[in-house]
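First up is the structure itself, then whatever we jot down about it.
Computed from a predicted model, the values in this text were never measured in an experiment.
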Amino acid sequence: MKAAVYNRWLHEKGGGERHAVMAARVLADRFETELITHRPIDRDALADALHISLDQIGIRVIPALPPNRFAEITREYDLFVNASFMTNQPSAARHSLMLVLFPSPIDRTWTVRLRQTIGRFLKRQLLVPEWSDGFYDVQELGRGWFRYTTDHARVRLRVPRGKRPVHIDVVAGNFRPHKSLPVRCLADGQVIAEHTFTPRPGDFETWRINLDRRYVNNGTAELTFTSPTINPASEVTEADNREIGLAVTDVRVRHPRHFLYELIFRRALPDLGWRLEWLPEEHSLANLDTYDRICPISEYSRTWMETYWQRTGPLLYPPVDTSWAKPRPKSQTILSVGRFFRGSHEKKHGVLVEQFKHMCREGLEGWTLRLVGHQSRRDVDVAYTDDLRRRARGFPIEFAVDAPFDDLQRFYGEAQIYWHAAGFGERAARDPIKFEHFGISVVEAMANDVVPVVLNQGGPPEVVRDGHDGYLWMTAAELRARTWDLVRNRELRTTMAGRARHSSRRFSTAAFRNRLNALVDELVDD
């Protein structure tokens with residue numbers, strides 16, 4: 001039997017990616033297993049960064065496809081596991097499992113539902129096209145927007161009553177720099193028009209199609225556009241592994257109702273037009289129904305899954321491999337491990353830097369703050385880390401960026417206190433995604449006799465029992481106070497460290513293996 005584990009962010013090599021790869025490691029013992037991702041990745045580098053053997057696990061790199069095309073890929077497998085953060089791609093596999101780090105937010109309040117109802121009514125009345133198959137998500141361009149096609153893309157049009165041919169304008173462009181793009185338009189499988197788009201990156205031209213009424217059924221026409229595609233990642237040296245063809249900004253039924261749409265939503269109020277274009281994708285939960293089980297990684301994630309999706313599922317805590325944990329002679333080090341990046345659930349390194357500097361001014365001596373993590377390569381993320389270094393200058397604060405696993409193991413082993421601040425300063429009710437969804441690095445620290453001092457929000461309170469095997473905090477003053485308690489009391493540090501090591505076993509890889517196999521058994525044996 002064949003199994004696949006999907007993670008589109010595999011190149012980031014973070015905690016979520018370790019979750020996915022460990023799932024593949026477990027499945028490889030009983031299935032022919034592949035990891036699926038969208039960017040080429042060095043196999044040895046991935047195994048080393050995550051400290052997981054990839055023996056007997058294949059890595060399959062596919063283009064980043066629209067949902068319907070992606071589902072066709074999954075049809076090749078007996079078991080498909082979606083372990084990709086915020087990626088609700090559908091599955092057509094015989095059995096399907098989704099591992100949810102955190103659910104993609106979907107606002108279900110009555111005001112949002114009312115706006116959706118109004119939006120859908122406007123789209124019907126103003127003859128706005130439905131992008132039904134083979135189109136990628138809408139992208140901004142200046143004050144407008146467009147969608148790339150794949151090699152085959154279908155659009156559905158509402159057509160007013162009448163007897164004459166329907167005049168349709170396809171407003172689209174060829175964004176490849178030097179090569180013409182031939183495009184065919186089909187209706188009911190018949191080629192009804194052809195056009196060659198000249199290279200005009202960032203600009204559109206209008207292709208007029210006269211559609212015979214015999215292709216209109218119950219007031220609806222469906223057109224299919226076929227064209228060659230390119231992959232920017234291989235042909236234009238970009239980190240965009242999609243198979244893209246024509247850039248389509250509009251398919252217009254030439255009628256006063258669509259002219260009104262253009263006047264209001266394309267010209268006068270483009271921001272509202274952008275929202276209108278996003279309506280079908282942003283609020284659809286249909287893809288979730290293609291999965292047999294949806295498994296959140298924590299009670300925190302399950303709570304928000306129930307809020308956003310009105311769905312629940314069995315818990316599957318992430319696997320925390322602590323077999324390598326080796327407490328060493330301790331140094332006076334406060335450790336924090338987390339990827340250096342901006343946005344989403346960033347790790348709030350700046351908070352840690354400032355609070356450590358505050359403690360130094362209060363009289364802390366002989367202690368070092370060590371920040372360890374993989375560096376995300378976006379310009380904004382690199383600038384974030386550069387700013388942290390600037391702010392830390394003159395204080396005993398060390399940065400270990402992209403440290404090899406041997407160094408990471410040593411850092412954990414030498415540390416005495418572990419700091420974690422993801423989500424600090426944010427509002428959980430408004431932005432729950434900005435909080436730690438579980439806390440793998442917290443468990444790794446605990447396994448190394450390191451006492452955690454972590455924010456009392458998100459997933460970490462499920463890991464740390466306040467005052468027993470670590471401390472929880474809500475304010476910066478509490479973070480410093482709990483840390484001072486540990487700094488000043490060696491016996492307290494030693495006692496809590498032992499309890500932390502014992503508590504970490506609740507989240508071992510063995511526990512994950514047993515739980516995942518039990519979930520898979522329920523599916524395969526059905």
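R506 pairs by the side-chain hydrogen bond (donor to acceptor under 3.5 Å, both in side chains) definition with nothing, not counting sequence neighbours.
The pair R339-D381 fails the salt-bridge criterion, with no side-chain N (NZ, NE, NH1 or NH2) lying under 4.0 Å from an Asp/Glu carboxylate O. Looking at E130 and K123, no side-chain N of the basic residue comes within less than 4.0 Å of a carboxylate O on the acidic one, giving no salt bridge. Using a cutoff of 4.0 Å between basic side-chain nitrogens and carboxylate oxygens, E354 and K357 are scored as salt-bridged. Ion pairing of D42 with K13 is absent here, as no side-chain N (NZ or NE/NH1/NH2) approaches a carboxylate O to less than 4.0 Å. Between R427 and D431 there is no salt bridge, since none of the side-chain N atoms of the basic residue sits less than 4.0 Å from a carboxylate O of the acidic one. Taking a cutoff of 4.0 Å between a charged side-chain nitrogen and a carboxylate oxygen, D466 and R482 do not qualify as a salt bridge. Salt bridge status for E243 with R69: absent, with no side-chain N to carboxylate O gap under 4.0 Å. Remark: R311 engages D289 in a salt bridge, criterion side-chain N to carboxylate O under 4.0 Å.
A heavy-atom distance below 4.5 Å is not found between the side chains of P319 and R513. Between C360 and P396 there is a side-chain heavy-atom pair separated by less than 4.5 Å. Contact annotation: the side chain of K347 never approaches that of S336 to less than 4.5 Å [non-hydrogen atoms, C-beta and beyond]. Side-chain contact check for V454 versus L472: some heavy-atom pair is nearer than 4.5 Å. Annotation: side chain of I36 is not in contact with side chain of T74 (no heavy-atom distance under 4.5 Å). Side-chain contact between L97 and C295 is present, with at least one heavy-atom pair separated by less than 4.5 Å.
Under the 3.5 Å distance criterion, the side-chain polar atoms of R493 are left unmatched by any main-chain donor or acceptor of Q416. T290 places no side-chain N or O within 3.5 Å of a backbone atom of A286 that could act as its donor or acceptor partner. A distance-only check finds a donor-acceptor pair linking the side chain of N287 to the backbone of N88 [under 3.5 Å]. For R8 (side chain) and A64 (main-chain N/O), no donor-acceptor pair under 3.5 Å exists by modelled atom type. In this structure, the side chain of R515 engages the main chain of L315 through a donor-acceptor pair within 3.5 Å. Side chain of D402 to backbone of Q375: a donor-acceptor contact under 3.5 angstrom is found. Between the side chain of T150 and the backbone N or O of G134 there is at least one donor-acceptor pair closer than 3.5 Å. Checking side-chain atoms of N7 against main-chain N and O of A83 turns up a donor-acceptor pair under 3.5 Å. A distance-only check finds no donor-acceptor pair linking the side chain of E426 to the backbone of G423 [under 3.5 Å]. Not a single donor-acceptor pair under 3.5 Å links the side chain of T495 to the backbone N or O of L492.
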Between F395 and V353, is the side-chain contact (heavy atoms from CB on, under 4.5 Å) condition met? List the steps.
CA-CA 9 Å; F395 290 86; V353 167; over 6 Å; no
Apply salt bridge (Lys or Arg N to Asp or Glu O under 4.0 Å) to R30 and D521, showing your working.
CA-CA 11 Å; R30 54 193 297 191; D521 286 343; 2.6 Å; yes
Verdict with supporting geometry, F80 and D292, side-chain contact (heavy atoms from CB on, under 4.5 Å):
CA-CA 10 Å; F80 175 75; D292 301 296; over 6 Å; no
Take S104 and Y308 through the test side-chain contact (heavy atoms from CB on, under 4.5 Å) and record every step on the way to the result.
CA-CA 8 Å; S104 50; Y308 287 147; over 6 Å; no
Evaluation steps, side-chain contact (heavy atoms from CB on, under 4.5 Å), between M359 and Q355:
CA-CA 6 Å; M359 292 187 68; Q355 294 313 306; 5.7 Å; no
One pair to check against side chain to side chain donor-acceptor pair (under 3.5 Å): S84 and N82. What are the steps and the verdict?
CA-CA 6 Å; S84 188; N82 184 345; 4.8 Å; no
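With hydrogens and angles left out, the side-chain atoms of T483 and W419 include a donor and acceptor closer than 3.5 Å. R266 and T249 share a donor-acceptor pair across their side chains, judged by distance under 3.5 Å alone. E306 and T312 share a donor-acceptor pair across their side chains, judged by distance under 3.5 Å alone. Y418 and S441 form a side-chain donor-acceptor contact under 3.5 Å, judged by distance and modelled atom types alone.
Scanning all heavy atoms of the two residues, the minimum distance from D469 to P452 falls at O-CD, 3.2 Å. For the residue pair R147 and V138, the shortest heavy atom distance occurs at CG-CA, 3.8 Å. Contact between A415 and L335 at its shortest, heavy atoms only, is CB-CB, 3.7 Å. Of all heavy-atom pairs spanning S96 and L79, the tightest one is N-CD1, 4.4 Å. Heavy atoms only, all atoms of each residue included: A3 and F31 are closest at CB-CB, 3.7 Å. I57 and A28 get closest at one heavy-atom pair: CG1-CB, 3.8 Å.
How far CD of Q89 is from CD1 of I73: 11.0 Å, rounded to the nearest 0.5 Å. Rounding to the nearest 0.5 angstrom, the gap separating the CD1 atom in I397 from the CZ atom in R389 is 12.0 Å. For the atom pair Y136 OH and W131 CH2, the distance stands at 15.5 Å (nearest 0.5 Å). Taken from CZ in R370 to CZ in F399, the straight-line distance is 12.5 Å, to the nearest 0.5 Å. Between W274 atom CH2 and L272 atom CG the span is 13.5 Å, to the nearest 0.5 Å. The distance from the CG atom of L122 to the CZ atom of F265 is 5.0 Å, given to the nearest 0.5 Å.
Shown here is R465, whose CZ atom has more than 12 heavy atoms of other residues, nucleotides or ligands within 6.0 Å.
Cation-pi geometry between R242 and Y148 is not met: the NZ or CZ atom fails to fall both under 6.0 Å from the ring centre and inside 45° of the normal.
Between W304 and Y300, the angle of the ring planes goes over 60°, which puts this pair in the perpendicular group of the 30/60° scheme. The aromatic rings of H19 and F512 sit perpendicular to each other, their planes meeting at more than 60°, with 30° as the lower class boundary.
Residues F424 and W473 place their aromatic rings such that the two centres sit under 6.0 Å apart.
Tested against E436, the residues K348, Q457, H420 include a single side-chain hydrogen bond (donor to acceptor under 3.5 Å, both in side chains) partner, H420. With respect to Y6, the side-chain hydrogen bond (donor to acceptor under 3.5 Å, both in side chains) criterion is satisfied by exactly one of R60, E34, H38: H38. For the side-chain contact (heavy atoms from CB on, under 4.5 Å) criterion with L316, the lone passing option out of V100, L99, I297 is L99.
For residues 432-472, the pairs satisfying ring-ring contact (aromatic ring centres under 6.0 Å, His included) are F85-H437, F102-H437, Y317-F438, H345-H437, F438-F507, with sequence neighbours left out.
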